Amino acid sequence: MIYNLIITLYISAVRVAALFNKKVSRMVKGEKETFSILKSQIKTGEKYIWFHAASLGEFEQGRPLIEAIRKQYPQYRILQTFFSPSGYEVRKDYKGADVVCYLPLDTPRNAKRFIELAQPCMAFFIKYEFWQNYLNELHRRNIPTYSVSSIFRPGQIFFRWYGTGYRKVLKTFTHLFVQNEESVRLLKSIGVTDVTISGDTRFDRVIDICRQAKELPLVEAFKGTNEKTFVAGSSWAPDEDIFIPYFNAHPEMKLIIAPHVIDESHLKEIMSKLHRPAVRYTHATAENIRQADCLIIDCFGLLSSIYRYGEIAYIGGGFGVGIHNTLEAAVYGIPVIFGPNNQKFSEAQGLKSCGGGLEIHGKKDFNELMDKLLSNYSFLDKSGKRAGNYVRDNAGALTRIMNRLRF
């Protein structure tokens with residue numbers, strides 16, 4: 001089978017990459033430990049519901065469903081798996097799951113062994129997870145299996161002439177909870193009809209995050225009474241080359257940067273671009289933070305709570321890999337700025353359409369937009385309210401999914 005040949009080649013490539021890349025090496029090591037974890041932690045006689053997320057973003061999409069099930073059906077235990085270290089390393093101690101581990105690569109042998117050890121009574125795959133061998137094994141064992149917050153586009157392999165063999169994997173799902181009407185139409189065109197438009201659980205998740213936002217005394221002290229605080233989340237160097245010069249030239253502003261990559265070389269690069277007093281969060285004290293105009297967040301886990309301290313948000317990635325999470329900022333009712341690489345992100349398109357998301361194409365665009373936001377309070381306020389309303393208006397996916405499931 002072509003799929004298994006591709007997986008075999010991929011495994012070989014991963015093993016080579018692990019020799020040179022620490023992140024890949026952690027993933028390979030973690031996958032080798034999975035079966036030992038299952039043997040030691042899965043309790044005989046208990047019912048496990050299995051959730052799989054590729055990385056941290058997908059985990060956050062599935063999290064509202066995990067927590068709703070735990071609350072309403074406490075008799076079930078939760079098994080959470082990840083593919084990427086960026087998900088596993090951050091959430092390996094997640095209290096909402098009874099067992100957390102990596103998902104071994106999708107070979108027939110791994111799939112059979114994993115499911116025999118885990119013995120899930122139900123499985124959920126979040127968004128873009130379509131692992132053929134795992135899904136076939138679940139289907140063969142008649143284990144109810146669901147796709148959550150998935151979204152489909154015409155260019156995906158399922159809808160191409162050469163995707164006939166792989167599209168069969170979609171029929172292994174008991175039900176697919178998709179984000180939009182186009183996904184329903186595309187699936188129907190290939191004979192997949194067990195589908196419900198539920199929307200995107202991320203809207204429910206960011207509302208929960210907003211309600212549970214951490215109090216951050218150091219960030220509050222940094223902001224003080226400033227009413228022109230700009231929060232840049234998940235920024236990359238091309239983003240920083242756009243907003244840092246503007247910040248340097250506008251002393252009325254304060255800047256909080258939470259870069260996507262936190263390593264010494266990148267942090268030093270950021271510091272070299274700044275012409276105003278700055279302090280790193282891990283070096284901050286109640287005294288020195290009041291003297292800084294820029295706060296650099298050099299640790300993980302704070303960004304979703306930090307947006308609450310801003311009047312304007314900037315989401316990085318739009319000049320490279322693709323934008324990061326816009327909803328975490330929008331939920332606080334502040335305008336959200338991002339670069340042009342956002343076409344594949346439906347939430348970014350929604351924010352742009354309602355006026356809460358503001359797209360820029362370069363430094364000139366950004367400078368003009370910032371001049372308008374800082375000088376025109378009505379524009380700033382309306383853009384922020386539209387962003388917040390967009391999030392609230394699109395919540396409710398969790399309720400729709402829970403109403404459809406049978407336990």
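Just so we're clear, the structure is a prediction, and the values are computed from it rather than from any experiment. Count residues from 1 along the sequence.
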Salt bridge flag under 4.0 Å for residues Glu181 and Arg185: no
Regarding Asn389 and Arg392, is there a side-chain donor-to-acceptor distance under 3.5 Å anywhere? yes
Does a donor on one side chain sit under 3.5 Å from an acceptor on the other, for Asn4 and Asn133? yes
Report the distance from atom CZ of Phe366 to atom CD1 of Ile337, rounding to the nearest 0.5 Å. 5.0 Å
Let me confirm one number: the CG-CZ distance from Asp239 to Phe319, rounded to the nearest 0.5 Å. 7.0 Å
Sub-6.0 Å ring centroid separation between Tyr332 and Tyr307: no
Establish, from distance only, whether the side-chain atoms of Asn180 and Ser183 form a donor-acceptor pair under 3.5 Å. yes
Spacing of CZ belonging to Arg386 relative to CG belonging to Asp381, to within rounding of 0.5 Å: 10.0 Å
Cationic tip of Arg276 within the cone over Phe247's six-membered ring, i.e. under 6.0 Å and within 45° of the normal? yes
Do Asp194 and Arg404 meet the salt-bridge criterion of a basic N to acidic O distance under 4.0 Å? no
When rounded to the nearest 0.5 Å, the distance separating CG of Leu327 from CZ of Arg205 is 12.5 Å
Atom pair CD/NZ of Glu137 and Lys112 - distance to nearest 0.5 Å: 7.0 Å
Looking only at heavy atoms, what is the nearest atom pair of Cys121 and Pro144, with distance? O-CD, 3.4 Å
Modelled atom types, side-chain donor and acceptor of Thr196 and His175, under 3.5 Å: yes
Do Gln61 and Asp200 have side-chain N/O donor and acceptor atoms under 3.5 Å apart? yes
Ignoring hydrogens and geometry beyond distance, is a side-chain donor-acceptor pair present between Tyr3 and Asp106 at under 3.5 Å? yes
Value rounded to 0.5 Å, distance of OG1 in Thr34 from CG in Leu105: 10.0 Å
Aromatic ring pairing Phe59/Phe82, orientation class (parallel under 30°, perpendicular over 60°, tilted between): tilted
Are the side chains of Arg308 and Cys210 in contact, using a 4.5 Å heavy-atom criterion? no
Under 3.5 Å, is there a donor on one side chain and an acceptor on the other for Asp371 and Tyr246? yes
Can you tell me if OH on Tyr377 sees more than 12 non-hydrogen neighbours from other groups inside 6.0 Å? no
Ring-ring centroid check Phe338 Phe345, cutoff 6.0 Å: no
Do Arg70 and Asp98 have side chains that approach each other closer than 4.5 Å (heavy atoms only, starting at C-beta)? yes
By the definition ring pair (Phe, Tyr, Trp, His ring centres under 6.0 Å), identify the one residue from Phe83, Phe177, Trp50 that meets it with Phe125. Trp50
Strictly under 6.0 Å, is that where the ring centroids of Trp131 and Phe114 end up? no
Please verify the inter-ring angle class for Tyr390 with Phe203; under 30° counts as parallel, over 60° as perpendicular, anything in between as tilted. perpendicular
Could Glu116 and Arg141 be called an ion pair, given the rule that one side-chain N must be under 4.0 Å from one carboxylate O? yes
Single hit among Tyr76, Phe51, Phe173 for ring pair (Phe, Tyr, Trp, His ring centres under 6.0 Å) with Phe124: Phe51
Give a yes/no verdict on a cation-pi contact between Lys372 and Phe379, requiring under 6.0 Å between NZ or CZ and the six-membered ring centre and an angle within 45° of the axis. yes
Judged by modelled atom types alone, do Glu328 and Ser304 share a side-chain donor-acceptor pair under 3.5 Å? no
Take Phe222 and Tyr309 through the ring pair (Phe, Tyr, Trp, His ring centres under 6.0 Å) test and state the conclusion after the steps. CA-CA 10 Å; Phe222 166 78; Tyr309 297 102; 9.6 Å; no
